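Just the heavy atoms: all of them, side chains too, but no hydrogens, waters or symmetry mates, feed the values below. Keep in mind that what you see is a predicted model, and the values were worked out from it rather than measured. The chains referred to below are lettered A, B, ... by the order of the sequence lines, with proteins before strands, and numbering in each begins at 1.
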Protein chains: 2
Amino acid sequence: MTAPIRPRATGRVTLSDVAHLAGVSPITVSRALRGERAVAAELVAKVQAAADTLGYMPNPAARALASGQSSHVAVLIPMLSNALFVNLLEALQNTLRQAGYQTLIGITYYDPSEEESLLREQLLHRPAGLIVTGLERSDATRSLIAQSGVPCVHLMTAQASEGTYCVGFSQFDAGHDMTRHLLDKGYRRIAFAATQLDPRTLQRLEGWRHALQSAGRYDATLEWLNPAPSSLSLGARMFEQIMGQQPPVDAIFFCNDDLAQGALLAALRMGVAVPQRVAIAGFNDLTGSDQMVPPLTTVRTPRAEIGQAAGQMLVALMQGETVPTPCLDLGYVLQARDSA
Amino acid sequence: MTAPIRPRATGRVTLSDVAHLAGVSPITVSRALRGERAVAAELVAKVQAAADTLGYMPNPAARALASGQSSHVAVLIPMLSNALFVNLLEALQNTLRQAGYQTLIGITYYDPSEEESLLREQLLHRPAGLIVTGLERSDATRSLIAQSGVPCVHLMTAQASEGTYCVGFSQFDAGHDMTRHLLDKGYRRIAFAATQLDPRTLQRLEGWRHALQSAGRYDATLEWLNPAPSSLSLGARMFEQIMGQQPPVDAIFFCNDDLAQGALLAALRMGVAVPQRVAIAGFNDLTGSDQMVPPLTTVRTPRAEIGQAAGQMLVALMQGETVPTPCLDLGYVLQARDSA
DNA sequence: CTGAAAGCGCTTACAG
DNA sequence: CTGAAAGCGCTTACAG
């Protein structure tokens, strides 16, 4: 007399175990636990109790296989070495986790083909949702997203367009406003120093151009563009170069705070007075900018708020709700300190 | 005459489709594609060709359900706002991705109970591997790891012990060596300023204590410990406090570079000459430390190397290989610059 | 070295 | 509002 053969018994508590204990069918347990409305309140309570006493935890793989959808959210961001994206990712992660979703990160390194291959891999896992950075990408990636049917939210931009969801602010306006601030302060030869040259940086560049052109102060030699990733040391080097320019520049607007911080430190080393000899402005208000000597004038961008709002918007989308504001503009704050 | 009912057809290319085209059974396809040795070479080629023409991509959820194991690796790190962990994570992610594994991050915020609940969630997904930070954790977490049977590698430590795998360096030695460096330079009252007070910081503290005690220079009032997270502004505040101490301190060893950077900037504001009036040393050689005025003396820790090696070690473990060196000590470099 | 059967643990789609 | 049946797409365990 042998026990019935149970190949591959995993010993884990399953739906059926809960169903047995509660005296209902497995499907009712499934529905009760997922909060489907079509279950009698008393049954829900009974099922919940049974699940609790058994310590039942659903198997995500089984759920994903049966439903064709996982509880993963794929997040595609350009880089982790820019603190901006770390802040964004933290907020996103926390928001998504609270709603029961796992975050799968992919780092694109600003490379459209890398983004595409990351997306292909992620799509294999049938993510419940997608977060991508910005609006610009390859056609292949774009149609991959569209065809997948997976809800998608775009970060760091607020350009409304049919059928796309985004949370961010106007990069153009931010670039424009900082430049206006510098003009209003009386600076006349305002350089724009940018690295990476990703789409959002170029939008800020456009804002700067527009402001200078309106003021009749635009000059192409004021543009200092370098495709390398930004860093403090690169900021220092760019500062040294720009200070050699004739006729001299009286203000420099850096596209990211790390560059501006590097410039401030270079100015200290070179004995260049900031803002008397040259004003320096940054972007993003990254950690440390308020500690600089002198404290850095910059644009504070609401990363944490963007991450949280994007997470919430995506959760709504994944749950089939309609989103009242598909394009959320969270703005920015011009943070004037002593450097400009 | 109706077509056979196919409820829930997903339209995706499956194993069976490949099997049909190749003229073999699904299980052979499964084996061929996973590179199991027990398949004839010609069949492997035929299967591969069929898979390629159909554009077959395995369904990770089905695989996970059937095998009881996913292709996920759960990574538990304390914090993303410390650049140290960002570097670690990037290296880890790249290494793991190349080997076909997805990274699932969990941020513990240095909270053991948060670590435990994150781990429970992650374990639900049957990760193929686990990466955790350091050796110290709650008993519950420790036994959760052990009972799960999931291969686990510990980051940032090199304390060998039975059955555990780790990649890092000796925090004690690093703290000790920097202190010796300061003593050798002639400093006599060397403060240790620490924040967060996580286990690794405390090990560095021990190294400092030991070095000072050996030199007969230890004094409990030289310990400045603050449980708050580290930041430039906190470093500045601690510097101001420490500079008020009597008898005066002639060197400060900060447990992390961001504190030391903040102190350097505070010194600039206060007009305190570094290293003449007081020497400043940091830890980790984070980005920007070489740009400080004066450049920061610090300990360069091999984060990227640790991330990569830990990833490789875990991959070996997940594939059932034995690891020759279960505890890998990657060392550190004392990076003497001008601040101390 | 290859395969038919059974199963992983859920959810969908259909009834009632 | 509840359930029996079938299926999601793989892999395990057993034969041969």
Side-chain angles (χ1 to χ4, degrees), chain A residues 2 4-20 22-47 51 54-71 100 124-126 128 320, chain B residues 2 4-20 22-47 50-51 54-71 100 123-126 128 320:
Chain A
T2 55
I5 298 170
R6 289 184 59 208
R8 283 211 263 165
T10 57
R12 242 177 78 131
V13 178
T14 70
L15 251 198
S16 315
D17 298 330
V18 179
H20 275 136
V24 297
S25 74
I27 181 60
T28 298
V29 175
S30 169
R31 287 199 271 246
L33 259 27
R34 273 177 301 137
E36 272 195 15
R37 48 170 69 251
V39 180
E42 45 178 325
L43 275 194
V44 173
K46 216 193 293 188
V47 166
L54 293 178
Y56 171 70
M57 311 250 67
N59 180 326
R63 179 172 276 185
L65 182 59
S67 70
Q69 214 191 228
S70 73
S71 61
L124 248 47
H125 292 256
R126 296 274 167 72
Chain B
T2 54
I5 298 170
R6 289 184 59 208
R8 282 211 265 165
T10 57
R12 243 178 76 132
V13 178
T14 69
L15 252 198
S16 315
D17 298 329
V18 179
H20 275 134
V24 298
S25 75
I27 180 61
T28 298
V29 175
S30 169
R31 287 199 271 245
L33 260 26
R34 274 177 301 136
E36 271 196 14
R37 48 170 71 252
V39 180
E42 45 178 324
L43 276 194
V44 172
K46 216 191 293 186
V47 166
L54 292 178
Y56 171 71
M57 311 251 65
N59 180 328
R63 180 172 275 183
L65 181 58
S67 70
Q69 214 192 230
S70 73
S71 61
L123 250 22
L124 249 46
H125 291 257
R126 296 276 166 73

- prompt: What's the closest nucleotide to the B/Ser30 side chain, out of D/dT11, D/dC8, D/dG9?
  reply: D/dT11
message: Minimum heavy-atom separation for B/Leu65 and A/Ala62, please, with both atom names.
response: CD1-CB, 3.7 Å
Between D/dG9 (P) and A/Asn59 (CG): distance, integer Å: 17 Å
- prompt: Over how many whole Å does the gap from A/Arg126 atom CZ to D/dC10 atom C1' extend?
  reply: 13 Å
statement: Atom CG of B/Leu54 and atom P of D/dG9 are separated, to the nearest Å, by 14 Å
Counting only pairs under 3.5 Å, give me each side-chain donor-acceptor contact of residues 26-33 of chain A, with atom names and distances, residues two or more places apart or in other chains.
| residue | atom | partner | partner atom | Å |
| --- | --- | --- | --- | --- |
| A/Thr28 | OG1 | A/Ser25 | OG | 3.2 |
| A/Ser30 | OG | A/Arg34 | NE | 3.3 |
| A/Ser30 | OG | A/Arg34 | NH2 | 2.8 |

What are the atom names and distances for every N/O pair under 3.5 Å that joins the protein to nucleotides 1-3 of chain C?
| residue | atom | partner | partner atom | Å |
| --- | --- | --- | --- | --- |
| C/dT2 | OP2 | B/Ala40 | N | 2.7 |
| C/dG3 | OP2 | B/Ser25 | N | 3.3 |
| C/dG3 | OP2 | B/Ser25 | OG | 3.1 |
| C/dG3 | OP2 | B/Thr28 | OG1 | 2.6 |
| C/dG3 | N7 | B/Arg31 | NH2 | 2.6 |
| C/dG3 | O6 | B/Arg31 | NH1 | 3.4 |
| C/dG3 | O6 | B/Arg31 | NH2 | 3.4 |

field: Sugar-phosphate, base or nothing in reach of A/Pro60, heavy atoms under 4.0 Å
entry: nothing
- prompt: Would you say A/Ser70's side chain and A/Ala64's backbone share a donor-acceptor pair under 3.5 angstrom?
  reply: no
- request: Could you check how far CG of A/Leu33 sits from P of C/dG9, rounded to whole Å?
  value: 16 Å
- request: Could you state the atom-to-atom distance from CG of B/Asp17 to P of D/dG9 in whole Å?
  value: 9 Å
query: Can you tell me how far the CG atom of B/Leu54 sits from the NE2 atom of B/His20, to the nearest 0.5 Å?
result: 11.5 Å
statement: With both pairing distances under 3.5 angstrom for Watson-Crick or G-U wobble, and | for a partner in another strand, the correct string for DNA chain D is |||.||||||||.|||
- prompt: Which atom pair, heavy atoms only, marks the closest approach of A/Ala22 to A/Lys46?
  reply: O-CD, 3.4 Å
query: The side chain of A/Leu15 lies closest to which of these nucleotides: D/dC10, D/dC8, C/dT11?
result: C/dT11
field: Heavy-atom pair with the smallest gap, counting every atom of A/Thr14 and A/Tyr56
entry: C-CE1, 3.5 Å
query: Any side-chain N or O of B/Arg34 less than 4.0 Å from the OP1 or OP2 oxygen of D/dT12?
result: yes
message: Any heavy-atom pair between the side chains of B/His125 and A/Ser71 that's under 4.5 Å?
response: yes
field: Over all atoms of both residues, closest heavy-atom pair of B/Ala51 and B/Val18
entry: N-CG1, 3.8 Å
field: Interatomic distance, A/Gln69 CD vs C/dG9 P [rounded to whole Å]
entry: 22 Å
message: Using whole Å, what does the distance between atom P of nucleotide D/dC8 and atom CG of B/Leu65 come to?
response: 13 Å
